[in-house]
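Let me begin by presenting the structure, written as structure tokens, before commenting on it.
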Amino acid sequence: MTGTTPPPHVRFRDAEWTQLARFAGHDNGSLRIGVVSGRRRLGKSFLLRALTEGTGGTYLLAVQEDSRAAAQRRIVEAIAAARKLPAGALQLGDDWASILRLLFPAEPGQPAPLVVLDEFPYLLRHSPELPGVLQSLYDDARYEASAGREALHGTLVLCGSALSVMHELLSGQRPLRGRASLDMRLQPFDLRAMRAFWQIDDPYTALLVHAVCGGVPGYQVLAEREAPQSPEDFDVFAVDALLTPGHPLYTRTETEYLLREDPRLDQRSVYYPLLEAIVGGATTPAEIGGRIGKERSATAHALGTLEAAGYVAKDADLLKRRSPSYTVPDQMIRFNQAVTVAQTPLIDAGRTEQAWQRARPAFQSQILGPHFEEVARAWTRLWAPDEIEGLDFGWTGRTEVPDPSARTKHEVDVLMLAGGESPQQAHRTLQLIGEAKATAARRGLKDLERLDHIKALLARQGHHTDDTRLALFSLHGFWPDLEREAARRGDVLLIGLEQLYGDTGRRP
């Protein structure tokens, strides 16, 4: 049995490996089921193949093009190969229960086998009864084990990239509801792990790459080139990889590939305009509908489908109970909708360098700006309590603060509640109020004055701000007068890229 320390080739997945290894190593004398999900190219298959290799388990990969008969034949042949039997030695009909039972022999004294069924949604396309079959096998095994009899025993992991399908497996009245003892939703690498994985020295360049590739490790492999090490390198990377048809990282092809992954997104002409509207700044159903010329009610179903698939997310106000804003969390899709789609005529004409030059304003306003705000919130949520004295882990997000006297509203990019307090309630204790703007200019005293004003408005609303810290996040530093004022006051944090990345982003 493999240990809880991952092998050297599994990097930056220590917590996930530990959880999976413990899950795979537990034998309760019955059948155990786990679910692993996550978008394409996060390394789910890589992680699970390493796990089965370390445990002597069986890794089975479903193929999208397979028919029911072909899929069953592929699994039976894999079982025969694992048992060192000649090809064709196992002859079964089209009964899934009989085939699956072969994976978990109830032999006394034998260790519980680990079996991974990867790309499980592909099997459901032609065999929708599989969850029910697994429910029956699971319930039978539990009963037999409870009665002290020999039972089907082992660990089965179902894995897939179609998020709406995978998450529905364990929802509502579905057969596997309550029967899975693991529901792992693999996330992208965080900001610091991503920089170390790509081995990028310059923090600003690392941020640019993260703004378009996120923490998806598979994109480093698809880049097929040395990682950019300067903003100039990033320009070349954007032109040669992200905007060049035929390259594995061409964003239009990659976006189509991602959307095809989920069977619910079968009318992509409906979903592309919604994604483009959200990336372009429309955040409410009414605004999104207005951008594409449809009533709000006409977009509700499509937005729900995109949300279930993981390509649209709701971003709630941390202090108010109001309609959440819609965002597109996937960086590759954001880049495609904001940059590639708009420059398609130039790209199709082979003028990719000109396309990138024209796209720079959109990249700055629709990609880099919102991404820097997300990075600031991520740092506040994940690392600030450990790196800034006096801060505790608490709910982190954004809010909108009305200013009646000025007849306006102020967007607060970063807001952190005190530890133990719940969001969307009156009279919260606020740990931190922050602003993150990806401008080329340094941050100055006027930025601090704005935060002081917002803090006073929040205090008048009844929130507790006596010990609130004010944070200014900057890509390009701070003016000396602001640095002197921050040092004098003691309640002001000036956070640059060095603080956001800490020491973990240095080249290993």
Is the shortest side-chain heavy-atom distance between [X] and [Y] below 4.5 Å?
X: Thr399; Y: Ile433; value: no
X: Gln431; Y: Arg469; value: no
X: Tyr271; Y: Val312; value: no
X: Val412; Y: Leu318; value: no
X: Arg398; Y: Glu373; value: no
X: Thr468; Y: His463; value: no
X: Arg192; Y: Arg195; value: no
X: Leu208; Y: Phe237; value: no

May I ask you to check whether over 12 heavy atoms, not counting those of [X], lie within 6.0 Å of atom [atom1]?
X: Asp183; atom1: CG; answer: yes
X: His427; atom1: NE2; answer: no
X: Glu353; atom1: CD; answer: no

His371 and His210 aromatic ring geometry - parallel, tilted or perpendicular at 30°/60° bounds: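 Tilted: the ring planes of His210 and His371 meet at 30° to 60°.
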Aromatic ring pairing Phe363/Phe335, orientation class (parallel under 30°, perpendicular over 60°, tilted between):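 Phe363 vs Phe335 ring planes: perpendicular.
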Minimum heavy-atom distance Leu475-Ala438, with the two atoms named: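 Minimum heavy-atom contact is CD1-CB, 3.5 Å.
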Step-by-step side chain to side chain contact (heavy atoms under 4.5 Å, CB included) determination, Ile278 to Leu303: CA-CA 10 Å; Ile278 297 170; Leu303 284 172; 4.0 Å; yes
Residue pair Leu207, Tyr501: steps toward the side chain to side chain contact (heavy atoms under 4.5 Å, CB included) verdict: CA-CA 10 Å; Leu207 182 73; Tyr501 278 105; 3.8 Å; yes
Pairing residues for Thr255 by the side chain to side chain donor-acceptor pair (under 3.5 Å) criterion, not counting sequence neighbours: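 Partners of Thr255 by the side chain to side chain donor-acceptor pair (under 3.5 Å) criterion come out as none, since no residue qualifies.
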Derivation of the side chain to side chain contact (heavy atoms under 4.5 Å, CB included) call for Glu435 and Ile454: CA-CA 11 Å; Glu435 180 179 69; Ile454 292 173; 6.0 Å; no
Donor-acceptor pair between Asp315 and Thr327 side chains, under 3.5 angstrom: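 Distance-only check fails for Asp315 and Thr327.
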Thr251-Thr340 side chain donor-acceptor pair, cut-off 3.5 Å: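 Yes, Thr340 and Thr251 have a side-chain donor paired with an acceptor closer than 3.5 Å.
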Gln343/Leu243 under side chain to side chain contact (heavy atoms under 4.5 Å, CB included): CA gap, chis, key distance, verdict: CA-CA 9 Å; Gln343 302 304 326; Leu243 296 177; 5.8 Å; no
Nearest-0.5 Å distance that lies between atom [atom1] in [X] and atom [atom2] in [Y]:
X: Gln199; Y: Glu226; atom1: CD; atom2: CD; answer: 9.0 Å
X: Arg174; Y: His167; atom1: CZ; atom2: NE2; answer: 14.0 Å
X: Lys437; Y: Phe473; atom1: NZ; atom2: CZ; answer: 11.0 Å
X: Cys213; Y: Glu254; atom1: SG; atom2: CD; answer: 9.5 Å
X: Phe234; Y: Gln229; atom1: CZ; atom2: CD; answer: 13.5 Å
X: Leu493; Y: Gln499; atom1: CG; atom2: CD; answer: 9.5 Å

All salt bridge (charged side-chain N to carboxylate O under 4.0 Å, His left out) counterparts of Asp190, not counting sequence neighbours: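 Partners of Asp190 by the salt bridge (charged side-chain N to carboxylate O under 4.0 Å, His left out) criterion come out as none, since no residue qualifies.
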